[in-house]
Amino acid sequence: MAMEDPDRKTEVVLLACGSFNPITNMHLRLFELAKDYFHETGKYKVIKGIISPVGDAYKKKGLISANHRVTMAKLATKNSDWVEVDDWESCQSEWLETLKVLRYHHQKLLSADVTNSLQDAVPITKLGRKRKQEQNRHEPIKKKNQSPVVKSVPQVKLLCGSDMLESFGVPNLWKLEDITEIVEKHGLVCISRAGNNVQKFIYESDILWRHKNNIHLVEEWITNDISSTKIRRALRRGQSIRYLVPDVVRTYIEKNRLYSAESEDRNAGLVLAPLQKHASEPRSSQALNN
Amino acid sequence: MRSRIPVILLACGSFNPTTNMHMRLFELARDHLHQTGRYQVIEGIMSPVSDSYGKKGLVSARHRVAMARLALETSDWIRVDPWESQQDTWTETVKVLRHHYNEALRTFQSKEFTRNKHPTESSTGDSLSCQQPVIPELKLLCGADFLQTFKTPNLWKEEDIKEIVGKFGLVCISRAGSDPSQLIQESDLLSKFQHNIFLVREWIQNEVSATQIRSALCRGLSVKYLIPDSVIAYIAQHNVYTAESERRNQGHLLQPLRLKTQQ
């Protein structure tokens, strides 16, 4: 066909992992920017965005309870018709590698795909059979419905800011094989600021360089630096955070008095779960650059 | 306890459209003034410029006021005032300041009047109200780029700048990396009144310019979380920003520049 078939676009699910302590407008912007980027390529269709807050076992300093962080993320995405919150990761009693969260969501989509086609099959068995027959008969009228004969499973891509990509270089934080699988099997979408060193960082790593076609760099056209750390700092100092986080999130924070000097001291002095885990492992391949 | 000086913050601009950053300027200014311990911000006023300003891509004031109103729906202290936008000709910023100052004075005096009429009522109130009421101050709120425009030839009248910084005062929000204090030092006039210029550092970079918003909208890109959802819905419903609207006033000289060159 000469005309581009919209059905043949690769479907993409964007997954963002992080503390979301609390979720800010910047997190939500990452999704919007990534979606615009994929749609502009003309080759991808973003069907869903998933926010997956990390579990409490991550032991990051100042990390408040997952229960609150999930609630805030849910409130923040209430007005989004494509981004949702998944609490599976945050419900795990132990900290989970990001790769495992990616695998989980990939699996979930696989099984959902099966269930969907089963569900579809029940009420429209006839149509399904008809479609097959039509295929054999080369009926031209229904041709449009034929194309997704074997519907491919959507790809789950990890959505991140440039800071996360650069954290690949932090010793013991990531396992080399995990990074490899992430960029090889799934893919990365990295939102970066103009003038950032992300390109250089990829160039300097053999693994990232090898899979650079699966690393999508999206340039941010409006500088947005609303980090959760800065939000918490402003809250501790009694400064306004209005218009930096969704209003519903601000109200929730105020109502539950979530962030204080004490909450910031939580997990102080503890070792981050990934560091503890990887350091205790006999020999984990650590360095990104060999 | 010394009573704090009540302050009203006025922001003039195109608000084409109102972005989250515009509202952040107000929040940052209020936090800063409160932290001095000397001021109490009692009100914020957003004053969209009138259509006769002649700026490229400026959509009708009716839309700009409506969008600002929607954006400020959730604020309990900032409001839009359409007075400037309703004037037939472009109004110098200093005149907008004078107008709002007179309005504030009138409100203050009428409050005073009722207070004197019912003295017992107010004396039963909190301790602050027992004190001699202080006349509010009106200050012009602006971004760092605004100070820069004082240097643009023909844009400002010297006596206007003098009145703005001398009589009213400026609250200027600056971004990390830019240094407006140098700009003040370089100007004799501004440095003379620097006690009346409040520089507020913005630590959380959040530069959402209205120009960027308009170009994103024309390209069909998402502006969600950069401007309020209610404003996005309004823009879509009324098809406010198009390639055509962006060409409006193209090639025109800004009204202040035109007036100046005519003189």
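Values reported hereafter were calculated over all heavy atoms of this structure, with side chains retained and with hydrogens, waters and symmetry mates removed. Below, chains carry the letters A, B, ... as their sequence lines are ordered, and counting in each starts from 1.
Of the inter-residue distances, the one linking B:Ile78 atom CD1 with B:Thr18 atom OG1 reads 10.5 Å to the nearest 0.5 angstrom. The SG atom of B:Cys12 sits 10.0 Å away from atom OH of B:Tyr53, with the distance rounded to the nearest 0.5 Å.
Side chains of A:Tyr252 and A:His68: a donor on one and an acceptor on the other come within 3.5 Å. Side-chain atoms of A:Tyr259 and A:Asn21 include a donor-acceptor pair closer than 3.5 Å.
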Check your understanding: Would A:Tyr58 and A:Ser19 satisfy side chain to side chain contact (heavy atoms under 4.5 Å, CB included), going step by step from the backbone distance to the final call?
Key -> CA-CA 9 Å; A:Tyr58 186 49; A:Ser19 302; 4.2 Å; yes

Practice item. Report the C-alpha separation of B:His100 and B:Ile45 in whole Å, then their side-chain angles, then the decisive distance to 0.1 Å, and conclude whether the side chain to side chain contact (heavy atoms under 4.5 Å, CB included) test is met. Key: CA-CA 9 Å; B:His100 287 291; B:Ile45 303 171; 3.9 Å; yes

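Under a 4.0 Å N-O distance rule, the pair A:Arg266/A:Glu262 does not qualify as a salt bridge. Looking at B:Asp31 and A:Arg237, no side-chain N of the basic residue comes within less than 4.0 Å of a carboxylate O on the acidic one, giving no salt bridge. Ionic pairing of A:Asp81 and A:Lys48 is not present here: no N-O contact between side-chain nitrogen and carboxylate oxygen is shorter than 4.0 angstrom.
Annotation for A:Tyr44 and A:His39: closest pair O-CD2, 3.6 Å, computed over non-hydrogen atoms.
Residues of residues 237-249 of chain B lying within less than 4.5 angstrom of chain A, judged on heavy atoms, are absent. Using a 4.5 Å cut-off between non-hydrogen atoms, no part of residues 54-71 of chain B approaches chain A.
A centroid separation of 6.0 Å or more is found between the aromatic rings of B:Tyr39 and B:His34.
With a 4.5 angstrom heavy-atom cutoff, A:Asn25 touches chain B via backbone and side-chain atoms both. Neither the backbone nor the side chain of A:Leu33 comes within contact range of chain B, judged by heavy atoms closer than 4.5 Å. Residue contact with chain A, scored on non-hydrogen atoms closer than 4.5 Å, involves the backbone and the side chain of B:Asn20 alike.
Listed options A:Arg233, A:Lys230, A:Glu40, A:Arg29 were ranked by heavy-atom pairs under 4.5 angstrom with chain B; first place goes to A:Arg29.
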